[in-house]
Amino acid sequence: KHLYKVKGDFNLMLKWDDYFGGGNSGGRYKQVGADTREIHIPYKETNINTMLIPWISFWICAAMNSYIGSLVGIGACVLVPLFYYHHKKTLFDILSGALVGGFSIGMLIGMPYRIVMPLSYLSFGAMWTVTYFGKIPLTAHYSMNDYKGEDALENPLFIKTNRILTLIWGILYLLTSFWTYILMGTKMQSYIRVVNTILPIFMGIFTGWFQRWYPKKIARGEK
């Protein structure tokens with residue numbers, strides 16, 4: 001609401017509750033007979049790798065060999081749920097497994113590679129972009145682990161930062177589907193893998209910088 005400005009070390013403000021909080025133990029309360037007792041339930045964090053592994057495995061391997069790539073994609077979708085023993089699953093983890101599994105099966109039964117690959121990028125980009133318009137953007141479900149877990153989802157500045165990043169990532173992959181389809185019909189087909197690998201790396205670097213820079217900028221009252 002721009003009622004306050006932060007000057008000095010922004011990281012101190014982020015850890016303010018750790019230094020001066022009320023000492024919340026993080027337990028849960030349960031009625032046991034006539035008594036109400038506090039029980040401790042292990043907290044599972046989300047992990048963005050459980051969402052990304054099926055996609056990355058499928059894209060890399062299918063670019064080398066569509067048949068092997070399809071099998072690897074299906075294998076990744078089968079194995080990733082094992083991570084849920086230690087990590088909390090999200091809707092996007094489940095949706096990613098379903099989509100990658102569907103694209104992998106599609107290529108196994110004869111769907112053209114030139115159609116499946118752009119569609120996979122389009123679906124991935126759409127999954128990110130749609131959440132921009134929702135209450136909680138996709139990236140917030142994973143980056144909240146670095147900001148006191150689900151408490152961060154109540155922070156408007158955190159949500160705004162992630163909303164911007166989610167939209168940028170979504171647009172990147174929507175555009176990726178477009179140029180992938182175009183280039184696959186030209187002599188520049190061999191460059192697709194390089195382009196589609198390098199751009200996300202640069203976006204990852206930008207994301208790391210932006211999520212540090214933007215909250216500080218807003219907190220200092222800058223426009």
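Taking all atoms of both residues into account, the shortest heavy-atom contact from G170 to W128 is CA-CB, 3.6 Å. When all heavy atoms are compared, the tightest approach of Y113 to S66 is CD1-CB, 4.2 Å. Contact record, P137 with T166: CB-OG1, 3.4 Å, taken as the closest heavy-atom pair. In terms of heavy-atom proximity, R163 sits nearest to K135 at NH2-O, 3.1 Å.
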Exercise. Report the C-alpha distance between N47 and F83 in whole Å, list the side-chain angles of each, state the deciding distance to 0.1 Å, and finish with yes or no for side-chain contact (heavy atoms from CB on, under 4.5 Å).
Key: CA-CA 9 Å; N47 190 325; F83 287 97; 5.8 Å; no
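By the rule that hydrophobic residues join a cluster once side-chain heavy atoms approach within less than 4.5 Å of another member, W213 and M203 end up as members of one cluster. Follow the hydrophobic side-chain contacts under 4.5 Å out from L172 and you never reach V130; the two are in separate clusters. No path of Ile, Leu, Val, Met, Phe, Trp and Tyr side chains, each step under 4.5 Å between heavy atoms, connects L119 with I109, placing them in separate hydrophobic clusters. Under the 4.5 Å side-chain heavy-atom criterion for ILVMFWY residues, a single connected hydrophobic cluster contains both I171 and L52. Under the 4.5 Å side-chain contact rule for hydrophobic residues, I53 and V78 do not share a cluster.
Here the CD atom belonging to Q211 is positioned 8.5 Å from the CZ atom belonging to F158, to the nearest 0.5 angstrom. Here Y214 contributes atom OH and I164 contributes atom CD1; the two are 4.0 Å apart, rounded to the nearest 0.5 Å. If you take CH2 on W55 and OH on Y121, they are separated by 10.5 Å, rounding to the nearest 0.5 Å. Atom CE of M107 is separated from atom CG of L71 by 9.5 Å, given to the nearest 0.5 angstrom. The CZ atom of F92 lies 4.5 Å from the CG atom of L138; values are rounded to the nearest 0.5 Å. Of the inter-residue distances, the one linking T180 atom OG1 with L175 atom CG reads 10.0 Å to the nearest 0.5 angstrom.
In this structure, T161 and I218 have side chains that are not in contact, with every pair of non-hydrogen atoms separated by 4.5 Å or more. Under the 4.5 Å side-chain criterion, counting only non-hydrogen atoms from C-beta, M127 is in contact with S96. By the 4.5 Å heavy-atom criterion applied to side chains, F210 and I168 are not counted as neighbours. At least one side-chain heavy atom of H141 sits under 4.5 Å from a side-chain heavy atom of I136.
Listed by chain and residue number, R114, I115, P118 satisfy the side chain to side chain contact (heavy atoms under 4.5 Å, CB included) test with Y181 (two or more places apart in sequence, or in another chain).
No donor-acceptor distance shorter than 3.5 angstrom exists from the side chain of T129 to the backbone of A126, with no hydrogens or angles considered.
With ring centers used as reference points, W59 lies under 6.0 Å from Y173.
Remark: Y191 OH is loosely packed, at most 12 non-hydrogen atoms of other residues, nucleotides or ligands lying under 6.0 Å away.
Paired with Y142 under the rule side-chain hydrogen bond (donor to acceptor under 3.5 Å, both in side chains), one option of T50, N49, D93, T46 passes, and it is D93.
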